[in-house]
Peer 1: 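Have a look at this one before I ask anything.
Computed from a predicted model, the values in this text were never measured in an experiment. Counting convention: from 1, in listed order, for ligands and their atoms alike. Numbering of residues begins at 1 and proceeds along the displayed sequence.
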Amino acid sequence: MRLSGDSAPGSMNSSGSGNFLLVPIPEYPLLDCVPNKTVKIVVLGASNVGKTALIVRFLTKRFIGDYEANTGALYSRKVTMDGEEVSLQIQDTPCVALQDDAEGLYCQEQINRSIYWADGYVLVFSITDNSSYRTIQPLYQHIRRIHPSGNIPVILVGNKSDLLRARQVPAEEGDMLATSLGGVYFEASARENHEGVHAAFLHLCQEVIRALGGGNGEKRKGGLHLARPKSPNMQELKRRFRQVLSSKVKSATTI
Ligand SMILES: Nc1nc2c(ncn2[C@@H]2O[C@H](COP(=O)(O)OP(=O)(O)OP(=O)(O)O)[C@@H](O)[C@H]2O)c(=O)[nH]1
């Protein structure tokens, strides 16, 4: 589906006009995909922490005030990193939740598939919501169960850093947790700042490329075998585009 701008289906140029471009990944590779350089990232976290807002901010530099609870959209973009073209694929996911006993994690099958599929992980909590922070450790353990061996490129994002007065999670705790997971902590505000969000995604992309050894071959062997997540259907995409193009656009920053 081609909505605006000059991108071929399945690709997004990192430069260009201020048009809002979110293009679904097709089920089959397209000719303009960058061979051997695909970075697959999944964004995970509890409800309402800003997963969709972060992705939209990263891809478009914009913040859209309200999002419907998402069912898991997959976005594609072509970016240039360190002078090389990379096909970046970002999977948004429905929320995960702790079970009542706070031991286990409720994770839809669709999310498990995304975890298996991905090369890198953005774990998001809101600095204003301690329970979303407490979800991160079990979430990481869940990822580990799906990928029992090997390096797991991960970043931890404490979102909503603009809401300082409502802060429930100190930055030091975010730092410590990220370190214990083998990742880096970023505090960001999808609402107020593009740079922080961009820096976080960029860092993860670089980690993924490093972990894949510059190529895109068969990465982690073993673990569960789960099929690639499905692209969102056209109806869902049309709905999301309408939403994005509606008057709810709060910021008119252009790419
Ligand atoms: N103040 C503030 N609000 C934010 C920020 N990021 C997101 N929000 C708001 O938080 C709410 C949830 O944002 P979403 O992006 O839908 O969060 P999500 O994690 O995808 O939510 P689920 O679909 O429930 O999983 C929305 O009302 C956003 O406007 C932020 O950085 N600061």
Peer 1: What I want to know is whether Ser47 and ligand 1 share at least one N or O pair that is separated by under 3.5 angstrom.
Peer 2: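 Looking only at distances, the answer is yes, because the N/O contact criterion of under 3.5 Å is met.
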Peer 1: So, is Lys160 polar-close to ligand 1, with some N/O to N/O distance under 3.5 Å?
Peer 2: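 Yes - when backbone and side-chain N and O of Lys160 are compared with those of ligand 1, one distance drops under 3.5 Å.
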Peer 1: Below 3.5 Å, N or O to N or O, backbone or side chain included: is there any such pair between Leu163 and ligand 1?
Peer 2: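 The answer is no, given that Leu163 and ligand 1 share no N or O pair closer than 3.5 Å.
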Peer 1: Do Ser126 and Asn159 have side-chain atoms, one donor and one acceptor, less than 3.5 Å apart?
Peer 2: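 No pair is found: no donor N or O on one side chain lies under 3.5 Å from an acceptor on the other.
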Peer 1: Is there a polar contact between ligand 1 and Gly50, counting only N or O atoms under 3.5 Å apart?
Peer 2: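 By distance alone, the answer is yes.
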Peer 1: Where on Asn48 is there a heavy atom closer than 4.0 Å to ligand 1, on the side chain, on the backbone, on both, or on neither?
Peer 2: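 Both the backbone and the side chain of Asn48 come within reach of ligand 1.
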Peer 1: So if I count the atoms of ligand 1 from 1 in the order they appear, which ones are less than 4.0 Å from some heavy atom of Ala53?
Peer 2: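 Near Ala53, meaning under 4.0 Å from one of its heavy atoms, ligand 1 has 6 (N), 7 (C), 15 (O).
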Peer 1: Any side-chain to backbone donor/acceptor pair from Tyr133 onto Glu173? Under 3.5 Å, distance only.
Peer 2: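 It does hold such a pair.
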Peer 1: Would you mind running through ligand 1 and noting each atom that sits below 4.0 Å from a heavy atom of Thr52?
Peer 2: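 With Thr52 as reference, the close atoms of ligand 1 come out as 15 (O), 20 (O).
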Peer 1: Using a strict 4.0 Å cut-off to heavy atoms of Asp162, name the atoms of ligand 1 that fall inside it.
Peer 2: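 Under 4.0 Å from Asp162, ligand 1 has these atoms: 1 (N), 2 (C), 30 (C), 31 (O), 32 (N).
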Peer 1: Side chain or backbone of Val49 under 4.0 Å from ligand 1, or both, or neither, by non-hydrogen atoms?
Peer 2: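 Val49 to ligand 1: contacts from backbone and side chain alike.
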Peer 1: With a cutoff of 4.0 Å, is Ser189 in contact with ligand 1, counting heavy atoms of the residue only?
Peer 2: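 True for this residue.
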Peer 1: Under 6.0 Å between ring centres: does that hold for His194 and Phe63?
Peer 2: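 No, they do not, as the ring centres are separated by 6.0 Å or more.
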Peer 1: Of all the heavy-atom pairs spanning Met81 and Val86, show the shortest one and how long it is.
Peer 2: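 Nearest pair, atom of Met81 first, then Val86: CB-CG2, 4.3 Å.
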Peer 1: With a 3.5 Å distance limit and no angle check, can you tell me whether Arg77 reaches the backbone of Leu59 through a side-chain donor-acceptor pair?
Peer 2: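 Looks like yes, one N/O pair under 3.5 Å.
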Peer 1: Between Tyr121 and His147, does a side chain to side chain contact (heavy atoms under 4.5 Å, CB included) hold up when you go through it step by step?
Peer 2: CA-CA 12 Å; Tyr121 303 85; His147 293 294; 2.9 Å; yes
Peer 1: Quick one: list whatever passes ring-ring contact (aromatic ring centres under 6.0 Å, His included) with His203, sequence neighbours left out.
Peer 2: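 Checked His203 against ring-ring contact (aromatic ring centres under 6.0 Å, His included); matches are Phe186.
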Peer 1: When rounded to the nearest 0.5 angstrom, what is the spacing between CE in Met176 and CG in Leu156?
Peer 2: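 The distance works out to 12.0 Å.
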Peer 1: I want to know if ligand 1 touches Phe63 in the polar sense, i.e. an N/O pair below 3.5 angstrom.
Peer 2: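 For ligand 1, there is no N or O atom that lies under 3.5 Å from one belonging to Phe63.
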Peer 1: Within the structure, does Thr93 bring an N/O atom to less than 3.5 angstrom of an N/O atom in ligand 1?
Peer 2: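 Among all N and O atoms of Thr93, none is under 3.5 Å from an N or O of ligand 1.
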Peer 1: Can you list every side chain to side chain donor-acceptor pair (under 3.5 Å) pair that touches residues 180-189, not counting sequence neighbours?
Peer 2: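 Side chain to side chain donor-acceptor pair (under 3.5 Å) check on residues 180-189 returns Asp162-Ser189, Arg167-Glu187, Tyr185-Glu187.
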Peer 1: Please work out, at 4.0 Å between heavy atoms, whether the side chain, the backbone, both, or neither of Asn159 comes within that distance of ligand 1.
Peer 2: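 Within the 4.0 Å criterion, Asn159 contacts ligand 1 through side-chain atoms alone.
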